[in-house]
Structures are given as structure tokens and as C-alpha cells.
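Worksheet for the structure shown next.
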Amino acid sequence: VTAQKGVVLAVSAVILVLTAAYFAEALRYPRGVMADPGPGLYPLIVAAILALGAAGTALETMASRQATTIVWPEPGTRMRPVAILASAVAYVLLLGWLGHPVMATVTALVILHVMGMRAWPRKIAFALLVGLGSYALFDLVLEVPLPAGVLLT
Amino acid sequence: MNSVEGLLYGLSVALTPENLLAALIGGLIGTFVGVLPGIGPVGAMAILLSTTSALRPETALIMLASIYYGAMYGGSTTSILVNVPGEAASIMTAVDGHQMAKRGRAGAALAVAAVGSFIAGTIGVIGLMLFAPPLATFALSFGPPEYFMLAVLGLFALSRVSGGSVWRGLLALGIGLALATIGTDIVSGRTRFTFGYLPLAQGIDIVPVAVGLYGLAEVLTVAEQAGGVPNVVKVKFAELFPSLAEWRRALPPILRGTFLGFGIGLLPGPSAVISTFASYRLERRLSKHPEEFGQGAIEGVAGPEAANNAATSGHLVPLLALGLGFGPSVALLLASLTMQGIQPGPLLMQQRPEVFWGVVASMYVGNLVLLILNLPLVGMWVSFLRLPQSILLACITIFMLIGAYSVNNSMLDLAVLVIMGIVGYLFRKIGFELAPLVLALVLGAYVERSFAQSLIISHGDPSVFATRPISGVLTAVLALILLGPLVGRLLTSAGRLNARRITRSESARPAA
């Protein structure tokens with residue numbers, strides 16, 4: 001359990017920093033004149049909305065007396081979101097090289113494992129079914145092109 | 001084309017085999033996700049958004065809308081039989097519905113919920129037919145300033161009502177608007193915020209953003225909860241018929257819930273959920289036996305179930321008439337239209353009548369299909385609750401990754417999906433509403449173009465947004481939405497200060 005206040009303040013601060021970068025980049029584009037606005041004018045207004053939202057959220061959170069907390073996952077399930085995210089990141093990074101059949105099988109295997117499927121033969125069979133089955137369905141049947149990877153090409 | 005002609009034309013569109021199949025598939029998927037706790041209708045719509053790009057616009061919209069109202073049906077099943085609401089709009093149904101199930105009246109509760117939903121859905125569609133065309137005709141007189149103010153009003157109203165706090169809503173809105181500026185500027189043709197990375201020139205696609213914020217974030221949230229197989233009350237087909245007395249008690253709440261739900265559905269915010277709470281409270285107040293509420297009162301099932309379905313129809317009025325969405329599900333329907341290259345707005349009814357009337361008519365057909373299919377298949381739907389969460393999440397995750405990649409065959413979209421998944425998960429934890437972000441991304445380009453056009457036609461005079469009659473009214477409403485709570489708070493604190501002063505001066509006065 002973490003106090004929500006600190007996390008909201010941290011998020012607001014990160015967004016303020018990103019807004020400053022967005023604002024600096026927006027200044028590089030021509031703003032034109034009011035009768036003929038350039039591509040730089042509207043982003044400045046958006047930057048103002050972002051800054052107002054982030055600063056307002058931070059100030060409101062600091063002024064708040066509510067002790068709201070964030071409940072993070074229990075120790076037993078804590079690694080599940082992390083592992084699913086990590087497998088999704090690996091899928092994104094390695095899709096071009098290893099292809100969908102391999103990466104989808106690996107991703108499915110990770111999810112089945114962290115979500116509590118016990119027997120390895122069952123886990124591997126399901127993961128292969130999801131990985132190869134989804135490739136067969138989308139790429140071969142529905143003709144949605146998915147990278148095959150170095151192993152299959 | 002008047003409403004009756006429009007509906008007949010819409011029926012000819014909705015009853016084509018392709019659109020009937022879309023309504024059926026959407027309804028079944030919706031019921032499936034409505035039954036399962038965790039993955040809600042918005043998540044399912046987001047996940048399937050990419051697959052609809054290959055369909056015709058009206059077919060895509062019919063399928064997504066069917067998912068939405070199918071989920072309303074499905075949610076009530078698990079609420080009644082398991083006491084686990086499949087989605088938020090079924091929370092109130094669980095209160096009395098499950099008590100009825102424990103008393104052996106599960107079949108009656110399910111039938112009343114399904115028939116109530118059907119009646120409400122049908123009357124709601126009539127409301128949609130009556131309200132949307134005149135609103136769209138009125139909006140035809142709008143120029144760029146009115147469009148701009150209308151879109152801004154819709155965005156700010158949504159951020160105001162859904163975020164809880166005006167600042168958080170504003171922040172989510174700003175993020176969506178900022179994301180919409182990435183890529184090629186539609187007015188000048190110049191690329192912005194690409195930092196030399198070429199794939200960014202095409203902009204940030206709505207599909208990976210929506211799938212990440214609602215789909216992946218939902219998967220992560222479901223994954224962290226320890227899942228088990230719930231105890232399910234068994235129902236036989238013969239038990240699916242309420243008694244005459246039960247019908248007599250259920251019908252007035254169904255009608256009241258329908259009108260209440262449709263009215264609330266016209267307003268911005270999570271209207272389906274709000275309408276169920278409002279209907280439940282109304283029924284308890286009107287009931288001759290308020291003590292039965294919470295113990296298995298059939299009115300407590302009939303009213304809220306009708307209200308959430310009617311709210312779904314009400315929610316579609318601003319979408320189809322004005323091209324505005326006031327909730328996450330409608331934002332996704334809007335995204336589906338823009339993905340198909342259709343500019344949502346008042347011209348939709350004239351330029352694409354097959355989309356407008358096809359969707360309206362498909363809701364009649366879809367509600368009937370769901371009624372016929374869902375009651376006899378209750379046992380099958382409940383059996384899905386026994387599906388291992390591990391297999392379900394693995395399949396959904398892979399489907400999301402394929403969906404996000406296949407829209408543009410782009411690695412950038414996959415990266416956006418994962419980043420938005422993290423943002424969505426974190427924002428849920430800290431109580432930020434995501435709908436303004438998605439809606440701002442969908443409407444961002446439209447808002448910017450109307451803004452630029454307004455300034456060009458007014459020769460750079462920003463007062464154009466306040467001096468034209470309609471945009472002036474919209475500006476005034478916007479000011480009221482933004483400043484109203486602040487003024488209210490100032491008046492309250494001034495009143496409190498005054499009361500304190502009076503108390504102090506009275507206590508300082510010597511006793512007579």
C-alpha cells in the first residue's frame with residue numbers, strides 16, 4: 001500500500017517536465033498570425049492546457065487532506081503484471097527478428113506460467129497452440145501479414 | 001427522409017447477411033465479456049477495434065455497438081447467478097438479483113432482466129430516432145466556430161464529469177490533444193513532434209492507444225487479482241418464466257428505468273452506471289415494500305437493468321447527431337468511424353444514411369437476437385466462468401498484439417500499445433479517468449482544423465467564438481461548466497466565513 005498523494009505528485013511532475021519539452025519543441029514551428037495561424041500556434045494552447053492540468057492536479061493533491069492509498073498487488077501475484085509487461089516488451093523488440101510464431105509462443109508461455117498453470121507439458125502445448133494457432137489463423141487464413149521470423153523464412 | 005422512412009431504410013441495411021452476422025458476433029462477444037468479470041465492454045471494443053478496419057463502416061459500427069449492449073445483457077447473468085457483476089453497470093442488479101437466485105427465483109430474475117433490457121433497448125432506439133435527426137438538422141447550420149466550441153464543450157464536459165477533479169480531467173484531455181498533434185499537421189502539411197523519426201509522421205493511431213489504455217491495462221489489472229472459480233446458482237430452462245405477480249411488479253420499474261436511463265444517457269459521463277444507481281434509488285423510494293430491497297425485490301432488478309440499456313441508446317444520440325462522444329465506449333465508436341475515413345458530425349445522417357440508420361435499426365434487431373439467444377443459453381454463458389484465467393489472458397494478450405500491429409503493420413504501434421498499457425495501468429491505480437484522453441485523441445485533429453478555419457474566416461478575431469449566437473451560447477455553457485464549481489466553492493466558503501463571524505460576534509456579546 002502506497003499513499004496516492006506521492007504517486008500523483010510524481011506523475012504530475014513527470015508530465016510537467018514532458019510539457020516543458022513539448023512547449024520547447026512547439027516554439028520551433030511557425031506560429032503565423034491570428035488571421036492565418038501556423039502549425040506552431042495550436043500546440044502552444046495544448047501545452048497551456050497540459051501545464052494547467054498538471055499544475056492544478058499537483059496543487060490540488062498537495063492541498064488535499066484525504067489519505068487515499070494505492071493497493072499494489074499481493075506478494076503472490078505481484079510479479080504477474082511485471083512478467084506480462086516484460087513479455088509484451090520482448091514481443092515488440094524481437095518480433096522483427098524471431099517472428100510472430102516464436103514470440104507469441106514465448107509470450108503465451110510466460111503468461112500461462114505466471115498465471116499459475118502448473119504442468120509444463122500442458123503449458124508448452126497451450127503456448128504452442130496459441131502461438132502457432134494465431135499465426136495460422138491470422139496470417140494464413142485471414143491474410144493479415146505477420147512477421148514469420150528468421151526460423152520460418 | 002423522415003424517421004419512419006429512415007428506419008425502414010435502416011432495416012434494409014441491418015438485415016443484410018453481413019450486418020446481421022456482425023450484430024450476432026458482436027452481441028455474443030459482448031455477452032461473453034459481460035459474463036466474465038474483469039474484461040469489460042470497453043476493453044473488448046478496444047481489442048476488436050483493429051479488426052473492424054477491414055469491415056464496411058456500418059458493419060464495423062454495428063459490431064462494436066452490439067458488443068456494448070451485449071455486455072449489458074451478459075453482465076446481469078453473472079450478477080444474478082454468481083453475485084459477481086461482469087461490468088460496472090450490473091452492480092445494482094447483483095444486490096437483489098442474487099438474493100432472488102438464493103430464494104430459487106434465479107430464472108425469474110434473469111428473464112425480467114433480459115425482457116426489461118429488451119423493452120428498454122427498443123424504446124431507447126425509438127428515443128434515438130426521435131432525438132438524433134432534429135438535433136443533426138439543427139447542427140447543419142453550424143460553421144467552424146460552432147463546431148470548434150461544440151467539440152471543446154464536449155471534451156471539457158467529459159473531462160469535468162468523468163475525472164472527479166477538474167484538473168485531472170484537464171490533464172487527461174491535454175495528453176490526448178498533445179498526442180493528436182504528433183505527425184503531419186492537416187492545415188499546413190508540416191510534420192510536428194516527430195523528432196526525425198519517420199513512422200511518427202503518420203501520427204499516433206487511435207487503435208494502439210485505446211487497446212493499451214483499456215485492453216492491456218485491464219489484462220494487467222485482472223492478472224494481479226487472485227482468481228478462483230466461483231459458485232454458480234444452477235437454473236433450469238423451465239424456471240425462466242416469472243409469475244404473473246412478478247411481471248406486474250416488474251413492468252412499471254422497467255418503463256420508469258427506460259425513461260430515466262435514456263435521459264441520463266444523453267448527458268456526459270458514465271451514464272449506464274449512474275442510471276442503474278438512480279433507477280434503484282427511485283424504485284426503492286416509490287415501492288410499497290422498501291424493506292424488500294436488498295432482500296430480493298424484483299423491482300431492484302427490473303429498473304436498473306432497463307435503465308442501463310436505455311442509457312446505451314441515449315449515449316448514441318450525441319454521437320450520431322453531432323459526432324461527439326461522452327464516454328469511453330462512444331469514444332471508441334467514434335474512433336471506428338474516423339478509422340474508416342468518415343467525418344463524424346451532423347452531416348453523417350445526410351452523407352452516410354446507411355451508417356446512421358443502419359446502426360439505429362441494427363439495435364432493434366440486435367436486442368431481439370440477444371433476447372432469443374441469451375435466455376436459453378444461460379447455462380453456456382455461466383460455464384465460461386470456469387475457463388482458466390491463464391488461458392484467457394494469454395489469448396487476449398496475443399490477440400491485442402496482433403490487432404495493434406495489423407492496423408498499419410507498424411512496430412511503432414506495438415510500442416505505443418505497451419506504453420499506453422503502462423500509462424493505463426498506472427492511471428487506474430491513481431484514479432485518473434482515461435475517456436477524456438481517448439476522446440481528445442480522436443477529436444484532436446478536428447478541433448485544430450475548426451480552430452484554424454474559425455480564425456481564418458474571422459480575419460484573426462478570436463471573439464468569433466463568443467459573438468456568434470450558437471457558439472456564444474456554447475461558450476457560456478463551457479464557462480459555466482468550468483467556473484461553476486469554483487464559484488460554488490467560493491460562495492460556500494464565503495457563507496461559512498460569514499456564519500463563523502456571526503457566531504463569533506454572538507459569543508463575544510455579553511449575556512443580557
Side-chain angles (χ1 to χ4, degrees), chain A residues 4 7-8 11-12 15 19 22 25-26 29 33-39 42-43 46-47 49-54 56-57 59-60 68 70 72-74 76-78 80-81 84-85 87-89 91-92 95-96 100 104 107-108 111-112 114-117 126-127 130-131 134 138 144-146, chain B residues 165-175 177-178 180-181 185 187-188 190 192-193 195 216 219-221 223-227 388-391 393-395 397-399 401-402 405-406 409 411 414-415 417-418 421-422 425-427 429-432 448 451-452 455-456 458-462:
Chain A
Q4 200 187 67
V7 182
V8 174
V11 168
S12 306
I15 293 173
T19 304
Y22 179 87
E25 180 67 13
Y29 306 121
V33 290
M34 283 299 269
D36 186 18
Y42 178 75
V46 173
I49 293 174
L50 262 172
L52 204 64
T57 302
L59 290 173
E60 185 185 56
T68 319
I70 299 173
W72 297 105
E74 298 286 319
T77 58
R78 192 168 292 164
R80 287 177 178 178
I84 294 175
L85 259 181
S87 66
V89 171
Y91 179 94
V92 176
L95 179 68
H100 176 81
T107 307
I111 297 172
L112 291 169
V114 296
M115 288 307 295
M117 192 178 265
F126 267 117
V130 173
S134 62
F138 283 91
V144 174
L146 294 170
Chain B
S165 131
V166 69
W167 303 113
R168 289 179 184 205
L170 208 59
L171 186 59
L173 177 69
I175 295 171
L177 290 175
T181 59
D185 171 33
V187 180
S188 67
R190 183 178 172 146
R192 295 179 300 193
F193 305 103
F195 305 99
L216 186 55
V219 164
L220 298 176
T221 310
E224 70 181 34
Q225 295 153 5
Q389 219 174 37
S390 53
I391 295 174
L393 292 189
C395 293
T397 307
I398 298 302
F399 193 74
L401 291 165
I402 294 172
Y405 176 79
S406 63
N409 293 339
M411 291 295 182
L414 280 176
L417 165 80
V418 174
I422 299 168
Y425 177 73
L426 189 65
F427 272 28
K429 287 280 177 202
I430 57 177
F432 276 47
E448 182 174 5
F451 174 71
L455 287 180
I456 291 166
S458 68
H459 306 291
D461 180 10

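Each chain gets a letter, A, B and so on, in the order the sequences are listed, and its residues count up from 1. These numbers come from a predicted model, not from an experiment. What you see below is based on every heavy atom in this structure, not just the backbone, and it leaves out hydrogens, waters and symmetry mates.
Contacts between A:Val33 and chain B at a heavy-atom distance below 4.5 Å are absent for every atom of the residue. With a 4.5 angstrom heavy-atom cutoff, A:Ile15 touches chain B only via side-chain atoms. The contact between B:Phe451 and chain A is made entirely by side chain atoms (from C-beta outward), counting heavy-atom distances below 4.5 Å. Residue B:Leu426 touches chain A through its side chain alone, counting heavy-atom pairs closer than 4.5 Å. Residue A:Ala26 touches chain B through both its backbone and its side chain, counting heavy-atom pairs closer than 4.5 Å.
Put simply, of A:Phe126, A:Tyr91, A:Phe138, A:Tyr22, the one with the most heavy-atom pairs under 4.5 Å next to chain B is A:Tyr22. The most heavy-atom pairs under 4.5 Å with chain A, out of B:Ala180, B:Pro388, B:Ala394, B:Ser458, come from B:Ala394. Contacts with chain A were tallied for B:Leu417, B:Leu173, B:Val418, B:Ile391; B:Ile391 has the most, counting heavy-atom pairs under 4.5 Å. Of the residues considered (A:Ser12, A:Gly131, A:Gly53, A:Pro145), A:Gly53 shows the highest number of contacts with chain B, using heavy-atom pairs under 4.5 Å. Among the candidates A:Glu60, A:Arg78, A:His100, the residue making the largest number of heavy-atom pairs closer than 4.5 Å to chain B is A:Glu60. Between chain A and the residues B:Ser406, B:Ala452, B:Ser188, B:Ala178, the largest count of heavy-atom pairs under 4.5 Å involves B:Ala178. Per-residue counts of heavy-atom pairs under 4.5 Å with chain B were compared for A:Val114, A:Leu146, A:Asp36; the largest is that of A:Leu146.
Within the 4.5 Å cutoff, side-chain heavy atoms of B:Phe432 are placed close to those of A:Thr57.
In this structure, OG1 on B:Thr181 lies 8.5 Å from CG on B:Leu177, to the nearest 0.5 angstrom. Separation of atoms CG (A:Leu95) and CD1 (B:Ile402) is listed at 10.0 Å; rounding is to 0.5 Å. Between atom OH of residue B:Tyr425 and atom CZ of residue B:Phe427 there is a gap of 14.5 Å, rounded to the nearest 0.5 Å. From B:Glu224, atom CD reaches atom NZ of B:Lys429 across 3.5 Å, with rounding to the nearest 0.5 Å.
Heavy-atom minimum distance, B:Ile456 versus A:Pro37: CG1-CD, 4.0 Å. Nearest heavy atoms, B:Phe193 versus A:Pro43: CZ-CB, 3.8 Å.
Although no hydrogens or angles enter the test, the distance criterion places no donor-acceptor pair under 3.5 Å between the side chain of B:Arg190 and the main chain of A:Pro39.
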